[in-house]
Amino acid sequence: MDKKILEVEQKRVDYVVDEIKHQLTSTAEQLGKALTERRKVEATYGDTAKVNLAEVDDRMETNAAIQQQKQLVALAVENETILTNREKNLHLLQKSPYFGRIDIAEDGEQETLYIGTSSLITSDDEFLVYDWRAQSPPFTITVHLDQPHMTPRWGQLM
């Protein structure tokens, strides 16, 4: 492989690794806040959902308060779970950001997709890595060894 290509690819890997580190830091901070929020909601659960069965309207208020607290706990737990999974995926990407590259030429333009075990998207919505298991991948092609290039409906594979 050409030395210039190797340098460009190394710069990209370094950029992706830096982005992963940045996102790990951000996710860890968000996860800490989510843990604190969940604990706060759980700690105040009993205080905010007082049981009052004296009158019919009191029962309705009690039921509404309990349902609201259940939803707050569920949201806090869901947020924590999402952030925990995100952190786990970032740690996996940190070990190996991506394992493949696909070059696509379409209408004179070239696009390069990097394939890994999880998607990595910047805050500007730029895909740095595509998850190889994506439900709706940007391509679906069968390649045979005797056909080095195929032309799918949207362009030429390099």
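Each residue takes its place number in the sequence, starting with 1.
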Does one hydrophobic cluster hold both V77 and L72, with members joined at side-chain heavy-atom distances below 4.5 Å?
-> yes
Interatomic distance, CG@L24 vs CZ@R86, rounded to 0.5 Å, equals 8.5 Å
Sequence neighbours left out, cut at 3.5 Å: what donor-acceptor pairs do the side chains of residues 27-36 make with other protein atoms?
| unit_1 | atom_1 | unit_2 | atom_2 | d |
| --- | --- | --- | --- | --- |
| T27 | OG1 | Q23 | O | 2.7 |
| Q30 | NE2 | S26 | OG | 3.4 |
| T36 | OG1 | G32 | O | 3.0 |

Could you tell me whether the side chain of K95 reaches within less than 4.5 Å of the side chain of H91, counting heavy atoms only?
-> no
Measuring from E19:CD to H22:NE2, what's the distance to the nearest 0.5 Å?
-> 5.5 Å
Applying the side chain to side chain contact (heavy atoms under 4.5 Å, CB included) test to V16, which of V13, D18, I20, D14 qualifies?
-> I20
The salt bridge (charged side-chain N to carboxylate O under 4.0 Å, His left out) partners of R38 (sequence neighbours excluded) come to E42, E80
Are W132 and V129 co-members of a hydrophobic cluster defined by side-chain heavy atoms under 4.5 Å apart?
-> no
Determine whether V73 and I82 fall in the same hydrophobic cluster, where Ile, Leu, Val, Met, Phe, Trp and Tyr are linked whenever their side-chain heavy atoms lie under 4.5 Å apart.
-> no
So, for F127 and R12, which heavy atoms are closest and what is the spacing to 0.1 Å?
-> O-NH2, 4.5 Å
Would you name the heavy atoms of S119 and L93 that are closest together and state the gap between them?
-> O-CD1, 4.0 Å
How about Y15 and L128: do any of their side-chain heavy atoms sit closer than 4.5 Å?
-> yes
CD1/I115 to CG/D131 distance, rounded to the nearest 0.5 angstrom?
-> 9.0 Å
Check the surroundings of atom CD in Q94: do more than 12 heavy atoms from other residues, nucleotides or ligands lie under 6.0 Å from it?
-> yes
Where N89 and S118 come nearest, the two heavy atoms and their spacing | CB-OG, 3.6 Å
Test item: D2 side-chain N/O and K4 main-chain N/O as donor-acceptor pair under 3.5 Å = yes
For E109, does the CD atom have more than 12 heavy-atom neighbours from other residues, nucleotides or ligands under 6.0 Å away?
-> no
Interatomic distance, OG1@T117 vs OH@Y130, rounded to 0.5 Å, equals 16.0 Å
Please round to the nearest 0.5 Å and tell me the distance separating atom CG of L113 and atom CZ of R101.
-> 10.5 Å
Do the side chain of T25 and the main chain of K21 share a donor and acceptor less than 3.5 angstrom apart?
-> yes
